[in-house]
Amino acid sequence: MISEINQQPIKIFTSRISRRREMSSKRVLLMMCVVATVVASMVLSACAPPTPQVVEKEVVVEKPVVQTVVVEKVVTPTPRPGEVAPQPKKGGKLIVAQQSDFPSFDPDVAVSFEDWIVCNQLYNALYQFDKDGNMYPDLAADFPTISEDGLVYTIPIKKGIKFHNGSELTAEDVKYSLERSLIPEVKSWGPRFMANVLGAQDVLDGKTTDLKGVKVLDKYTIQITLQKPQGVFVNNLAVGPSLIVPKEYVEEVGLEEFSRHPVGTGPYKFVEWIPGQKLTLAANYDFYGERGPYIEAIEYLIGFDPSLAVLKLEAGEIDVMFDDIPPAEFVSVTTEDKWKGYVTSGTVYITGFLDMNTQMEPFTDKRVRQAVAMAVNRERLVKLAQGSIVPARSLLPPGTPGYNPDIGWDYDPVKAKELLAEAGYPDGFTTELYARETPLYQIIALAAQQDLSLIGITVEIRTVAPAAFYGLAGGGEMPMGVTKKGANYPDPFDWFSFCMCVQAYEGTRYPAWYCNPELDGLVEEAETLAAYPEERIAKYQEAEKILIEDSPRAFLYYGKKYIAHSPDLKGFYIHPIYPSLTEHMFKVPI
């Protein structure tokens, strides 16, 4: 049973939120500030005191700034000297092997990596980012016209775009899609992205499903009015819960049916899903992009242990595995000569952590949570993972504005045990740690179990499928969980907004159920400082100090993505935000 996080009213963009979601003319062309950042190494300080420290770092960005995005350049393979780059051609089938099934194909509900492998193929948003971090209009015909007060966004929509069922995309579909993340019955993972739109709280409270701040001006024009200026708002129109779905179809078939038989505008369309066995997609040759996809069909084979998938890849029976290369095979697959041409790597924005339920004893006491954060040996964890991850002590990953390698808790089991004693647990306690069945998550769970035993905490590991994990997290029934967050866009707001009170609701995908109004206030202040990047970043660094002090999550690692694929699969690169894109891939004989 979840107890109240705080008895006082909690402000969310000037609105209130409670535990059951009772709970934001001159034409301006948005400019992106894209900075190439290469992270060569991360060194953890062994002598930092337990109290987290933030070192202020100067951030220089031209003014005015509407969005702040920093993306590391992704290096893609080039032909060897004398080789001619293969030319893309249409045809062939892509066979993907993966371990877990798909909990949902609804972009408002889909949160697991498995879901997003598919959602990235099925849907489009008004705006998207390319692999170099540049935003571009996707379903939108242009960037928004923004009012002088920064509150009103007028967005034109491309004409003639068809959903997979043949219906035309209109402004009504866009309005409906943006409203959905706030409707309680949908149980979206991303209400924070639309929370600053005028009337958002009335939708969150279940008073209406009509989001007042989103208006249809005509068949191909949408207008969005915010409660307060928000520097990164256009970024929020490129995230998962802002993917556009067909209003008429979803209302006709209902939420459950839509989640199993999705319809979007993307480069691939749904054909068949046999739970526990396979999913089939077909190329959408009516795709509105410069070209349609090259590969004719994609078949996802479900239930393959990643170690078995590696063997099938080597035998030529599959084309790609989007699951992480298992730690047991990681060194050989990424270094041995026989695997040359089989692996593509690139930076992705991921932070992995242990969530602790701040509303469940004994994790209601921040000293207990701090003790857990100090007790996990991240350096040992990296070794157990064979170097496929790098250690992390804070929320923001390298390359994100405001990233600070000097904040966070050191590994200190002695201090951790002292904190447990202060909190009234001198002999420790017993708890449960939930982890999905992936090899990396299991390694993390076992490592945490061993580390926490040294300070007296007995951990019982519960291995569950993705749907079960998110169900338990959303019901507040999970004491601890191994999980991670990937970037929707590489800006501090994306990372801190998922730590705000608006995310502590029934149906949330994260077990922490964390809410601190002081952190919320700093995030809100930061978003009024779009034209003052130094001050904006300073607010986020203050917020990170609060987050480390409260320790609702023990930060463990930052990710780098390695994808194993057949050598005849070309055009392959790893997008830092959407690593499972397939529309650019094609196959050639070898």
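Keep in mind that this is a model prediction, so the values were computed, not measured.
Atom CD of Q128 and atom CG of L237 lie 10.5 Å apart (nearest 0.5 Å). Expressed to the nearest 0.5 Å, how far CE of M194 lies from CG of L211 amounts to 8.0 Å. Within the model, atoms OG of S100 and CZ of F469 stand 12.0 Å from one another, a figure rounded to the nearest 0.5 Å. Rounding to the nearest 0.5 Å gives a distance of 6.0 Å between CZ of R462 and OH of Y434. Atom CD of Q370 is separated from atom CG of D365 by 8.5 Å, given to the nearest 0.5 angstrom. The line from CG of D202 to OG1 of T209 is 11.5 Å long, rounded to the nearest 0.5 Å.
For Y411 (side chain) and A373 (main-chain N/O), no donor-acceptor pair under 3.5 Å exists by modelled atom type. Checking side-chain atoms of E477 against main-chain N and O of L472 turns up no donor-acceptor pair under 3.5 Å. The closest donor-acceptor contact from the side chain of R378 to the backbone of Y557 lies at 3.5 Å or more, if one exists at all. In this structure, the side chain of N516 does not engage the main chain of I546 through any donor-acceptor pair within 3.5 Å. Within the 3.5 Å criterion, the main-chain N or O of S181 finds no donor-acceptor partner in the side chain of W189. Listed for the R369 side chain is a donor-acceptor partner under 3.5 Å among the backbone atoms of F363. Without hydrogens or angle criteria, R393 side chain to P391 main chain gives no donor-acceptor distance under 3.5 Å. In this structure, D520 contributes its side chain and C501 its backbone to a donor-acceptor pair below 3.5 Å. Under the 3.5 Å distance criterion, the side-chain polar atoms of D410 are left unmatched by any main-chain donor or acceptor of D412. Judged purely by atom type and a 3.5 angstrom limit, T400 has no side-chain atom pairing as donor or acceptor with the backbone of P490.
The heavy-atom pair separating R380 from A447 by the smallest distance is NH2-O, 3.2 Å. Heavy atoms only, all atoms of each residue included: K366 and D550 are closest at CB-O, 3.9 Å. Nearest heavy atom pair, residue Q386 against residue F330, reads O-CD2, 3.4 Å. Between W495 and G486, the closest heavy-atom pair is CH2-C, 4.1 Å. Residues A465 and E437 share a closest heavy-atom pair of CA-OE1, 3.4 Å. R553 and C499 get closest at one heavy-atom pair: NH1-SG, 3.5 Å.
Using cut-offs of 30° and 60° on the angle between ring planes, the pair F102 and F105 is tilted. Below 30°, between 30° and 60°, or above 60°: for F498 and F353 the angle between ring planes is between 30° and 60°, a tilted geometry. Taking the six-membered ring for Trp and thresholds of 30 and 60 degrees, F129 and Y489 have ring planes inclined between 30 and 60 degrees apart.
Side-chain contact annotation: Q450 with S453, donor-acceptor N/O pair under 3.5 Å absent. No side-chain donor-acceptor contact under 3.5 Å links Y514 and S551. D451 and N377 share no donor-acceptor pair across their side chains, judged by distance under 3.5 Å alone. Q442 and T463 are linked by a side-chain donor-acceptor pair at a separation below 3.5 angstrom, with hydrogens and angles left out of the test.
Under the 4.0 Å criterion applied to side-chain N and carboxylate O atoms, D494 and K485 are assigned as salt-bridge partners. Comment: K187 does not engage D106 in a salt bridge, judged by the lack of any side-chain N to carboxylate O separation of less than 4.0 angstrom.
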Verdict with supporting geometry, R180 and S188, side chain to side chain contact (heavy atoms under 4.5 Å, CB included):
CA-CA 8 Å; R180 292 180 80 237; S188 170; over 6 Å; no

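Looking at V482 and L354, their side chains come closer than 4.5 Å, going by heavy atoms from C-beta outward.
A salt bridge (charged side-chain N to carboxylate O under 4.0 Å, His left out) with E524 holds for exactly one of R192, K228, R536, K539; it is K228.
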